[in-house]
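These notes concern the structure reproduced below.
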There are 2 protein chains.
Amino acid sequence: MPDGRPLRADAARNRAKILEAANRQIIARGPEVPMEAIAEDAGVAVGTLYRHFPTKDDLVTAVLHAHFESMVAAAEAAADRIEAGAPAIDEFAGFFRFVLELAAGNMAVKAAARALGADWEEDLLRGRGLQALERIVAAGIDRGDLRPDMTLDDCFLFFATAPIDQPAPVRERWFTLMLDGCRADAARRTG
Amino acid sequence: MPDGRPLRADAARNRAKILEAANRQIIARGPEVPMEAIAEDAGVAVGTLYRHFPTKDDLVTAVLHAHFESMVAAAEAAADRIEAGAPAIDEFAGFFRFVLELAAGNMAVKAAARALGADWEEDLLRGRGLQALERIVAAGIDRGDLRPDMTLDDCFLFFATAPIDQPAPVRERWFTLMLDGCRADAARRTG
DNA sequence: CTATATAATGAACCTAGATTCAGGTTATGG
DNA sequence: CCATAACCTGAATCTAGGTTCATTATATAG
């Protein structure tokens, strides 16, 4: 809660414990975990959860924020490396593999991706992340790595369609197919 | 309910109305629609729903069955046409486009695909549908249309990852990328 | 060390939706 | 037309999980 006042020592401690527990629980069991479960994991009463996060949604959002941050950071790092000379296609692949694997072990991110659907671009990616992606795609096309008709929207397909709940080999295979579909020489009329 | 006895006239009528309503509601609003909603749509009391379908799950399953059937039928038709000389890649694409569009306007199928996840192959596809798909893929590879390393599992990726809730243009674009990734000349090392 | 603003607690409250069942209807064989 | 098995109805029951709040505890300024 955005008060001016600083948190009392115990309150700060609990807030941290709650965030940790929420992270643990939500990642493991998805955003539908009961607040009770989070409270128990945190060693705190439900009421305390609500003191720190007025609504369950607030808590979930808080947990997700960190994960989205790391995705954006990864995108920026990839874009930087490309512009520093690294092979565009490798960075492109590397970034999406990172995102894929992050989400794979993370029911929260998974569910969020579903729920937000076409919306999450609004929030986080329509910012730093969006820019970084643009840089990646542009360079990829420029260097003849990615198909010329590749767009930013195609990147969202990567996020939105990853078979996150499938076992690793399946994910890997999907990644191969999808990436091959994005390569420069894959483009053609599908009509 | 699998009794020996035939249904009473009014019971049969209601059963039909329920199925219709359930189909309508579940397709439109997904499997989470309240039983009340279905009952109301059917012009019947909740109790009647339960008389015909002991549990909500039974009802949902019944509704889904028809849709899965149509998918399997489509697969078989495509396989037949291929073996009768039709271009493999076109039939391959056509079949998946059909499934994609079917699911797109169908919250039920969508949710089912998610929920069942890797399981639904067990049920319906591990039967006629599975065989039809095998025929399609085999012919596609044989004729040099599909990448040589294409497998049946790749087909499940088509089901599992389709961006069903995205708008039509997005779905179409995804279809293009994915299909291009499945073509014979797309294969390469991605590792 | 107190006073008191902050916090924590957890039982109680609410809502939603699935499921049940006692009691009233109705199709239909004879 | 009757008897009665099949049916239907819908209020009541149950459960689950989010949210509240009166009560009790505790950090910390002075």
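Letters go in sequence order (proteins before strands), and every chain restarts at 1. Owing to the predicted nature of the structure, the values given are computational and were not obtained by experimental measurement.
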Worksheet item: Between dG18(D) atom P and Arg51(A) atom CZ, what is the distance in whole Å?
Response: 21 Å

Worksheet item: Yes or no on salt bridge (charged side-chain N to carboxylate O under 4.0 Å, His left out) for Asp180(B) and Arg183(B), after CA distance, side-chain angles and deciding distance?
Response: CA-CA 5 Å; Asp180(B) 283 347; Arg183(B) 289 175 190 278; 2.8 Å; yes

Worksheet item: Quick one: does Asp149(A)'s side chain get under 4.5 Å of Ile141(A)'s, heavy atoms only?
Response: no

Worksheet item: What integer distance in Å separates Leu49(B):CG from dC7(D):P?
Response: 15 Å

Worksheet item: What is the distance from atom CG of Asp145(B) to atom CD1 of Ile136(B), rounded to the nearest 0.5 Å?
Response: 12.5 Å

Discussion item. dT9(D), OP1 or OP2 - any side-chain N/O from Thr48(B) closer than 4.0 Å?
Written reply: yes

Discussion item. Working to the nearest 0.5 angstrom, can you tell me the gap between Leu59(B) CG and Met35(B) CE?
Written reply: 5.5 Å

Quick one: which protein N/O atoms are closer than 3.5 Å to N/O atoms of nucleotides 17-19 of chain C? Pair and distance per line, please.
| residue | atom | partner | partner atom | Å |
| --- | --- | --- | --- | --- |
| dA18(C) | OP1 | Lys56(B) | NZ | 2.3 |
| dA18(C) | OP2 | Met35(B) | N | 2.7 |
| dT19(C) | OP1 | Thr55(B) | OG1 | 3.4 |
| dT19(C) | OP2 | Tyr50(B) | OH | 3.1 |
| dT19(C) | OP2 | Lys56(B) | N | 3.1 |

Discussion item. Taking the ring centre of each residue, are Trp174(A) and Phe158(A) less than 6.0 Å apart?
Written reply: yes

Item to complete: Drop me the distance from Asn23(B)'s CG to Ile18(B)'s CD1, to the nearest 0.5 angstrom.
Response: 13.0 Å

Discussion item. Counting neighbours of CD on Glu36(A) that are heavy atoms of other residues, nucleotides or ligands and sit closer than 6.0 Å, is the number greater than 12?
Written reply: no

Practice prompt. Summarise how protein sits on nucleotides 22-30 of chain C as a single string, 5' to 3': B when a protein heavy atom is under 4.0 Å from the base, S for sugar-phosphate-only contact, - for no contact.
Written response: ----BSS--

Discussion item. Can you confirm whether Glu76(B) sits close enough to Gln131(B) that some side-chain heavy atom of one is under 4.5 Å from a side-chain heavy atom of the other?
Written reply: no

Worksheet item: Is the distance from OP1 or OP2 of dA8(C) to the nearest side-chain N or O of Asn14(A) less than 4.0 Å?
Response: yes

Fill in: dC7(D) phosphate, OP1 or OP2, under 4.0 Å from His52(B) side-chain N/O
no

Fill in: Between C1' of dT19(D) and CG of Asp58(A), the distance in whole Å
13 Å

